[in-house]
Asker: 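Take a look at this one; I'll ask things after.
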There are 2 protein chains.
Amino acid sequence: MGHGAAPAVGSVPRTRLDAANAATVATTLQALATPSRLLILARLREGPLAATELAAEVGMEQSACSHQLRLLRNLGLVTGTRNGRSVVYALYDNHVAELLDQALYHVEHLRLGISDAAGAEADARG
Amino acid sequence: MGHGAAPAVGSVPRTRLDAANAATVATTLQALATPSRLLILARLREGPLAATELAAEVGMEQSACSHQLRLLRNLGLVTGTRNGRSVVYALYDNHVAELLDQALYHVEHLRLGISDAAGAEADARG
DNA sequence: TGAATACATGAATTCTTGTTCATCTATTCC
DNA sequence: GGAATAGATGAACAAGAATTCATGTATTCA
């Protein structure tokens, strides 16, 4: 396969995935499946921030960012707490931060093997 | 907030996420953002399997499953190796397995706090 | 060689989703 | 109260993606 086994980063209890859970899990993971939301979460990973500043930092329009923030709130990934005129957003808890970290880490390492995978795939198609 | 900090499961090097990377990372994470692919990956997590059997086990039509498998192959998440008439699919490497494990683990724990988050959110809007 | 099994693929369709635009609510300060 | 700032939200639009259907390719076996 040309790609050795990766070192285990951390061992985590395995969750059994049935068809019923798949839908809800997929819904939550969709939060990480778009560049805009990924940037939002990555920025909040570094600390809380008001909505407008957040939009500015990730280069989105206020409205678009607000829509995405609502989605992330509904998924329970971020919280928004009013502070005067502004609403300060933050990651909900450590699970979100770690989910992000793990996702970025593994995806980055996966991309190192993509050309490799393409080659193996070509062989398979033979 | 009603939700304490989660115990750190494993510490992983932080990846800096800029706008350029966000798109490619999001593309890869989309593999986990759909019930069908999630079921496919979860099944392969338990061991390699031929395409038709895989489709049967996750309850998909052969064609639909094949389309998703192609996508997963192009992302470098799974490999398909021909074995006689059948093509045996497997997770590409340990990073895929761990990404899956971590995602399932954290999402499951996130969902425990969702009603909590909804409450906090209502307060914030108040 | 011909039938049967196992996958792959292209086109079409339908559903979902992200963004924009316009507008609306809430809060602060005069 | 009125203006200004900060966010939220609904409708509309555009783009993307998942599934189905029909068909194509590859391999085995008689």
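Just the heavy atoms: all of them, side chains too, but no hydrogens, waters or symmetry mates, feed the values below. All chains are named by letter (A, B, ...) in the order of the sequence lines, taking the proteins before the strands, and each is independently numbered beginning at 1.
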Asker: Please state how far atom CG in Leu69(B) lies from atom C1' in dA6(C), giving the value in whole angstrom units.
Answerer: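 Leu69(B) atom CG is separated from dA6(C) atom C1' by 13 Å.
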Asker: Could you tell me how far apart Arg82(A) (CZ) and dA26(C) (P) are, to the nearest whole angstrom?
Answerer: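 Spelled out: CZ on Arg82(A) to P on dA26(C) is 9 Å.
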Asker: Counting side-chain heavy atoms from CB outward, which of dT27(D), dA6(D), dA8(D) is closest to Gln62(A)?
Answerer: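 Given the options dT27(D), dA6(D), dA8(D), the side chain of Gln62(A) is closest to dA8(D).
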Asker: Which pairs, protein N/O on one side and nucleotides 17-20 of chain C N/O on the other, fall under 3.5 Å?
Answerer:
from    : atom 1 : to       : atom 2 : distance (Å)
dT17(C) : OP1    : Gln30(A) : OE1    : 3.2
dG18(C) : OP1    : Arg37(A) : NH1    : 3.0
dG18(C) : OP1    : Arg37(A) : NH2    : 2.6
dG18(C) : OP2    : Arg37(A) : NH1    : 3.2
dT19(C) : OP2    : Gln68(A) : NE2    : 3.0
dT20(C) : O4     : His67(A) : NE2    : 3.3

Asker: To the nearest Å, how far apart are Leu29(B) CG and dG16(D) P?
Answerer: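 Atom CG in Leu29(B) sits about 19 Å away from atom P in dG16(D).
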Asker: Is there a side-chain contact between Leu39(A) and Met60(A), using heavy atoms and a 4.5 Å cut-off?
Answerer: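 No, their side chains stay 4.5 Å or more apart.
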Asker: Picking from dA6(D), dT9(D), dA6(C), which would you name as closest to the side chain of Ser86(A)?
Answerer: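 Of dA6(D), dT9(D), dA6(C), dA6(D) is nearest to the side chain of Ser86(A).
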Asker: Using only side-chain N and O atoms of Tyr89(A), determine if any of them is under 4.0 Å from OP1 or OP2 of dA8(D).
Answerer: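 Affirmative; the distance criterion is met.
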Asker: Are the side chains of Leu44(A) and Leu54(A) in touch, meaning some heavy atoms are under 4.5 Å apart?
Answerer: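 Sidechains of Leu54(A) and Leu44(A): in contact.
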Asker: In this structure, how many angstroms lie between the P atom of dA6(C) and the CG atom of Leu54(B), rounded?
Answerer: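 So the two atoms are 14 Å apart, to the nearest Å.
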Asker: Base, sugar-phosphate, or nothing for Ser66(B), non-hydrogen atoms under 4.0 angstrom?
Answerer: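 Answer is base: heavy atoms of Ser66(B) come under 4.0 Å of a base.
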Asker: Arg85(B) CZ to dT25(D) P: how many Å, rounded?
Answerer: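 From Arg85(B) CZ to dT25(D) P: 19 Å.
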Asker: Would you mind reporting whether Leu77(A) and Tyr92(A) have side-chain heavy atoms less than 4.5 Å apart?
Answerer: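 When only atoms from C-beta onward are counted, Leu77(A) and Tyr92(A) do not touch, as no gap falls below 4.5 Å.
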Asker: Does any part of the side chain of Leu71(A), heavy atoms only, come nearer than 4.5 Å to the side chain of His67(A), both counted from C-beta?
Answerer: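 SC-SC contact between His67(A) and Leu71(A) ruled out.
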Asker: Do the non-hydrogen side-chain atoms of Thr27(B) and Leu75(B) ever get within less than 4.5 Å of each other?
Answerer: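 Answer yes - side chains close enough.
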Asker: With a 4.5 Å heavy-atom cut-off, do Val25(A) and Leu32(B) have their side chains touching?
Answerer: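 They are not in contact (no side-chain heavy atoms under 4.5 Å apart), so the answer is no.
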Asker: Where the side chain of Arg73(B) is defined as all heavy atoms beyond and including C-beta, which of dA6(C), dT28(C), dT9(C) is the nearest nucleotide?
Answerer: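 Per side-chain heavy atoms of Arg73(B), the pick is dT9(C).
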Asker: What is the distance, to the nearest angstrom, from the CZ atom on Arg70(A) to the C1' atom on dT25(C)?
Answerer: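 Computing the Arg70(A):CZ to dT25(C):C1' distance gives 14 Å.
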Asker: If I take atom NE2 from residue His109(B) and atom CG from residue Leu104(B), how far apart are they, to the nearest 0.5 angstrom?
Answerer: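 Going from the NE2 atom of His109(B) to the CG atom of Leu104(B) covers 11.0 Å.
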